[in-house]
Amino acid sequence: MLGYVYSPLVLAHDPPPPTLQVGGRDFTLGSANVAAALLTAQAHELIERSALSGALVRIAPAPASEAALLAVHTAEYLGRLRAACDGGPWDGEYAPVTAATWDAARLTVGGVVAAVDAVLDGRVPRALVHARPAGHHAEPDRAIASTYLNNVACGVEHARSRGVERVAIIDWDVHVANGAERIFWDRDDVLAISLHQQDWYPAHAGALRATGGSGAEGTTVNIPLPPATTDAGYHLAVDEIVAPVVRAFRPDLIMVAAGQDASVFDPTGRMLVSAGGFRSLAARVADLADELTGGRLVAGTEGGYSPIYNPFCLLGVLEGLSGESGGIADPYDDDATVLAARGPADDRVRAAIAAVRAAQPRWFKH
Ligand SMILES: [Zn+2]
């Protein structure tokens, strides 16, 4: 049984594509923003047509309270974001706003809060929030890369406010989880794990040796993986780093920042993960929740920008979290790129994993 949070209202946030100045005039990059609303709508449509649809427990989101947002973001920043959506000045890094951005972002955080409540109240063991905009780059006072409010971080703080003592975040988006790194840097009660493509975006976070502030050493775990890491490489990183660290941390709740932009067809990453790979990744994390938190797990969508593949990858995540089949085959199953995703974890991946273990003496004795 899996809780599913979705509202078509979040589709109203749909900024235009970015532009470059070329020859003194705007040159529009693409026909749509890479984080277009259509991607969310398509993935939802596929989920609705799958065999999972009837088994999902629908959870309605409500706009997040001011308190839920202030637990992570500064009042000054929230005021600035809200005013920008009304036409005020704005300086987000690759994070354009429209009149609909504030409401959509606030509703998405509210969706994560509703999912946390459903799990803590025992209505569902696990839940996935399928919403937009994504959140994992957002910092307390800064919007970055199509993210404005840090959805998962607000969910962590909401769970803490309800008496949950220790929370582990597992972020498998191909980009760096800089938001959680900064927000929880000095916190020994929140474990922030980021699996990402090495030397990727943004550059100011995600370093191997960034492991947490004084008194919180080891609670930031960055796992930079080489380009072209396959399904098996991701699974090995979970088995050899994520699982033992989360076990040793002993969380009361697991939160997942579930970006599907490590997929083989994603335009923003260079990784080789298939829809089946995401299913196994989600299943591994669900097993960890069963083992450690009484099953309690809340996932929220992050990136995922392939129009042809993202829906199948997200369906794979739902299958892995629920343990049930959606009954829809991967249409690219015999594509050469998907076949490459089934390749082994190579020596570069093994070296990357060894380097993370060496950089984390709290969890791995040498
Ligand atoms: Zn991403």
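Counting starts at 1 for both ligands and their atoms, following the listed order.
Distances from the Zn ion (ligand 1) to the N/O/S atoms of H175 are shortest for ND1. Atom OD2 is the N, O or S atom of D261 at the shortest distance from the Zn ion (ligand 1). Atom OD1 is the N, O or S atom of D173 at the shortest distance from the Zn ion (ligand 1).
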Verdict with reasoning, N150 to E139, per side-chain hydrogen bond (donor to acceptor under 3.5 Å, both in side chains)
CA-CA 7 Å; N150 200 305; E139 298 186 357; over 6 Å; no

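Taking 4.0 Å as the cut-off between side-chain N and carboxylate O, R284 and D239 count as a salt-bridged pair. Between D121 and R162 a salt bridge is recorded (basic side-chain N to carboxylate O distance below 4.0 Å).
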Side-chain donor-acceptor contacts of residues 9-29 below 3.5 Å, not counting sequence neighbours, with atom names and distances?
| from | atom 1 | to | atom 2 | distance (Å) |
| --- | --- | --- | --- | --- |
| H13 | ND1 | T101 | OG1 | 3.0 |
| D14 | OD1 | A37 | N | 3.0 |
| Q21 | NE2 | D26 | OD1 | 2.5 |

